[in-house]
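Before any comments, here is the structure.
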Amino acid sequence: MHRRSKLFPGNFWQGELFVFPRNQAILRPFCSSDSTTTSPTSHSLNISFLSDLVSKQHWTELKTHLKDTNLTVLLHQLLSSEVDPVLTLRYFHWSQKEFKLSHPLELSFRLLHLLANAKRYSKIRAFLDNFIKYENLHSNSSIFHALSICGPKFCVNSIIVDMLLLAYVRNSKTQLGLEAFKRAGDYGFRLSVFSCNPLLSALVKEGATGDVEHLYKELMRRKIEPNVITFNVVVNGLCKAGKLNKAGDVVEDMKAWGVSPNVVTYNTLIDGYCKMGRVGKMYKADAILKEMVANKVCPNEVTYNILIDGFCKDENVSAAKKVFEEMQRQGLKPNVVTYNSLINGLCSDGKFDDAFGLRDEMLGLGLKPNVVTYNALISGFCKKKMMREARKLFDDMRGKGLAPNAITFNTLIDAHCKSGLMEEAFVLQSSMLKKGLFPLASTYNCLIGGLCRKGDIESARKLIHVMEDNGLRADLVTYNILIDAFCREGESRKAARLFSVMRKVGLTPNHVTYNTLMNGYCTEGNLKAAMNVRMQMEKDGRRSNVVTYNILIKGFCKKGKLKDANVLLNEMLERGLNPNQTTYEIVREEMMERGFVPDIEGHLYNVSFSS
DNA sequence: ACTGTCAACT
């Protein structure tokens, strides 16, 4: 493949693909589909008359002269004539619609060639969009074949394939786009960043990190000139997958390519660190901020928003407020996102007065609270089980001209489920439908979780069927909920079976999945099985997180194996993981039980948290 | 023509 991309187009076309003469390929569908017609030439007089009608756009008259049988012949004729390709395109669409037929694929691509030569790129884009949307019957294999036999215009073919790729991505057919990318490599077509960047971006959004990494390597190998956006998308994909080290490597790659990291690159990296559960993650984020400034890249509103949200999620609202002040000192204006992050931070902490104060402040600045603002406030009240207040905000939204979205409903439904108010939750779900909002898989997950919490796995199963009847597939979270439910019932065998089912249907277990299963085994006292799950998890490239350690440490404590618990505790600290509230509670409880009075927080025998 | 920040559920 590498050789081929270096070949001159002319050489390429002497290769194996140019298998039969062009005309034969084009006439084949026509000859086989119609036995009464003798040959295209016998129509030629007639056809020049018809072409003339097309040129004059006399469609009604044209229709009276046409039969199904000569539609494709006329198209062929138009393609070989001097007729404006845009007119031919019009005829193409008109004849397909009027006579409900599909012209052969080869002719479609000959038409695209003519349009490309005439530089009518927007027409090609529209054509391909339509093609992707309504003609699912063509596989990439037949498309590439048709394209390769319809003319030796190598560059033009590359442009068309590039646009095809973009059409796939824009129509959410990312996997087909990826397949087309691979095939383009086999055929040696040159692609551009204008299609590869959106493909990368779509893969990042789908969380297909493996594909992102592969595509990135391919881009470099095929020498498709990446730009700063290409690198930024890849950095973002790796950050979202928690692969911060690899993200850093890509930043080094880009420097080696002579592309300087810009404000977006740094913002992405900072956000990556902010969202990671490492010790001193905000310190690391701050270090990147300093590096960014040292490289003469000026932080913008987004940079500050990321830091503010990071501190809020780190339960450090006061640090967030300092950044907020610094932002304004730098002459940057806080926007709705800034306020939403702060409001969310305050709400999660139950500081509703401060949160409402900020809401009023933003109103004073002419910033309108949006759905996100309300969702944060509602979620805050829900967490404190203040359902009346949550409900009031929900009702207020309408008066403010704001429509609740699926997340608003999910928040409320989940809160009702957690309060055991399943009927209310289902009423909310149906009111969602009345508003024209379709419940998402996450909506069902809230309800399924509620049923499982009640121990009603049977109803949960039934609800999954309803969900699937509505075209939604059980996702990772659904499986996590069910695995947890079985573990709680002491049915770890069933949980384990579900675990293998989810892999079979192509879902990738995450930390929660592994931790849940481990927790199930630990509760049963089966430490060996739990440690096996952990081994599997680390083999899958997922390092143990705080929750993993908490589960295992607790498991070992319960079995009286304090030595093992200590080993894990040390390992956790060595790996730079921060013990949380739960860790301290596990340790304290264990010590009390053994008659020790915990003097300093976090001492488990000879192990100190504050090492 | 393409990119990055905020909100829910396990």
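Below, chain A is the first sequence line, B the second, and so on; all start at residue 1. Not measured: the values here are computed from a predicted model.
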Q. Nearest-Å distance, CD1 (Ile270(A)) to P (dT5(B))?
A. 13 Å

Q) Looking at the side chain of Asn445(A), which of dC9(B), dA1(B), dG4(B) is the nearest nucleotide? A) dC9(B)

Q. With under 30° as parallel and over 60° as perpendicular, where do the rings of Tyr216(A) and Phe231(A) fit, or are they tilted in between?
A. perpendicular

Q: Output the residues of residues 328-343 of chain A in contact with DNA chain B, where contact means a heavy atom of the residue under 4.0 Å from an atom of the strand; sort by number or write none.
A: Val337(A), Asn340(A), Ser341(A)

Q: Would you classify Asp414(A) as touching base, sugar-phosphate or nothing, given that sugar-phosphate means primed atoms plus P, OP1 and OP2, and contacts are heavy atoms under 4.0 Å?
A: sugar-phosphate

(Q) What residues from residues 480-489 of chain A pass a heavy-atom cutoff of under 4.0 Å to DNA chain B? (A) Asn480(A), Ile481(A)

**Q.** side-chain hydrogen bond (donor to acceptor under 3.5 Å, both in side chains) partners of residues 321-330 of chain A, not counting sequence neighbours, each pair once
**A.** Glu326(A)-Arg329(A), Glu326(A)-Gln330(A)

**Q.** CG-CE distance between Asp456(A) and Met422(A), expressed to the nearest 0.5 angstrom
**A.** 8.5 Å

**Q.** Phe381(A) CZ - dA8(B) P separation (whole Å)
**A.** 15 Å

(Q) Please report the distance, rounded to the nearest Å, between CG in Leu367(A) and P in dT5(B). (A) 20 Å

Q) Taking atom types as modelled and ignoring hydrogens, do the side chains of Thr516(A) and Asn519(A) form a donor-acceptor contact shorter than 3.5 angstrom? A) no

Q | Check: dC2(B) base within 3.5 Å donor-acceptor of Asn197(A) side chain | A | yes

Q) Which part of the nucleic acid does Asp309(A) contact within heavy-atom distance under 4.0 Å: base, sugar-phosphate only, or nothing? A) sugar-phosphate

Q. Where the side chain of Lys275(A) is concerned, which of dC6(B), dT3(B), dT10(B) is the nearest nucleotide?
A. dC6(B)

Q) Under 4.0 angstrom, heavy atoms only, what part of the nucleic acid is Asn405(A) near: base, sugar-phosphate, or nothing? A) base

Q: Tell me yes or no: between the side chains of Thr268(A) and Asp271(A), is some donor less than 3.5 Å from an acceptor?
A: no

Q: Just compare dG4(B), dC9(B), dC6(B) and give me whichever is closest to any side-chain atom of Val263(A).
A: dG4(B)

**Q.** Whole angstrom value for the distance that separates C1' of dT10(B) from CG of Asn519(A)
**A.** 13 Å

Q.
Side chain of Asn267(A) only, heavy atoms from C-beta on: which candidate in dT3(B), dG4(B), dT10(B) is closest?
A. dG4(B)

(Q) Going by side-chain contact (heavy atoms from CB on, under 4.5 Å), name the residues that satisfy it together with Asn515(A), two or more places apart in sequence or in a different chain. (A) His511(A), Met518(A), Met537(A), Asn545(A), Val547(A), Thr548(A), Ile551(A)

Q. Can you check whether Lys383(A) has a side-chain N or O nearer than 4.0 Å to OP1 or OP2 of dC9(B)?
A. no

(Q) With a 3.5 Å distance limit and no angle check, can you tell me whether Arg190(A) reaches the backbone of Arg222(A) through a side-chain donor-acceptor pair? (A) yes

Q.
Any side-chain N or O of Lys418(A) below 4.0 angstrom from OP1/OP2 of dT10(B)?
A. yes

Q) Can you tell me how far C1' of dT10(B) sits from CG of Leu451(A), to the nearest Å? A) 15 Å

Q | Set of side-chain contact (heavy atoms from CB on, under 4.5 Å) partners for Val302(A), sequence neighbours left out | A | Asn267(A), Asn300(A), Ile306(A)

Q) Atom CG of Asn545(A) and atom C1' of dT10(B): how far apart are they, to the nearest Å? A) 13 Å

Q: Grab the CZ-P distance between Arg170(A) and dT3(B) for me, whole Å please.
A: 11 Å

Q.
By nearest atom, which of the nucleotides dT3(B), dT5(B), dC9(B) is closest to the Ser201(A) side chain?
A. dT3(B)

Q: Find the distance Glu206(A):CD to dT3(B):C1' and express it as a whole number of Å.
A: 16 Å

Q. Residues in side-chain hydrogen bond (donor to acceptor under 3.5 Å, both in side chains) with Asn344(A), at least two apart?
A. none

Q) Given dC2(B), dC9(B), dA8(B), which nucleotide is nearest the side-chain atoms of Cys446(A)? A) dC9(B)

Q.
What contact category does Thr411(A) fall into here, base, sugar-phosphate, or nothing, at under 4.0 angstrom with non-hydrogen atoms?
A. sugar-phosphate

Q.
We want to know whether Lys240(A) and Asn236(A) form a side-chain donor-acceptor pair, criterion being a heavy-atom distance below 3.5 angstrom.
A. yes

Q. Are Asn445(A) and Ser442(A) close enough that a side-chain donor and a side-chain acceptor fall under 3.5 Å?
A. no

